[in-house]
Amino acid sequence: MDVISAVNNFGDTRSGGLAGPMGLFVIVLLSIATVLLIRNMNKRLRRLPDSFPDAQQTQREAEIARLNADLERPGVEPLRPDSDQNRSSGDQVAAESEVNADTTDSDKAVADGDQGRV
């Protein structure tokens, strides 16, 4: 009979004896990096102003400054930002009649026909 001897591979074989010190080194390195990052962030936060200006107020001030600069230029008519410069006068007259509720004869006929259906 042949006797087969079994090899015990279930315990600590001490081949990875460097794992503990390397793990400690990584933990210490990460701790130092975290402390340095926190210090750097605190310095940057101290440099920030206490409050930031309102975005709408800043936009209004920029618009006023731009309009003032346009007024100071000689020979240039300032443009209003809310007006359309390519508008024709015919479109404006039609829009004004709609706003004033002016009706034409054809509009009255259509309106009278609508009333008959109701």
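All values below were derived from every heavy atom in this structure, side-chain atoms included, with hydrogens, water molecules and symmetry-related copies excluded.
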Connected hydrophobic set around V28, excluding itself, where side chains approach under 4.5 Å:
L24, I32, L36
I'd like to check the side-chain hydrogen bond (donor to acceptor under 3.5 Å, both in side chains) partners of R39; sequence neighbours left out, ordered by chain and number.
none
By side-chain hydrogen bond (donor to acceptor under 3.5 Å, both in side chains) - contacts of Q57 (at least two apart):
R60, E61
Distance, nearest 0.5 Å, that separates CG of L71 from CZ of R66:
10.0 Å
Reported CG-to-CD distance for the pair N68 and E63, which is rounded to 0.5 angstrom:
10.0 Å
Just distance, no hydrogens or angles: give the donor-acceptor pairs under 3.5 Å from side chains in residues 42-53, sequence neighbours left out.
from, atom 1, to, atom 2, distance (Å)
N42, ND2, I38, O, 3.4
R44, NE, N40, OD1, 3.4

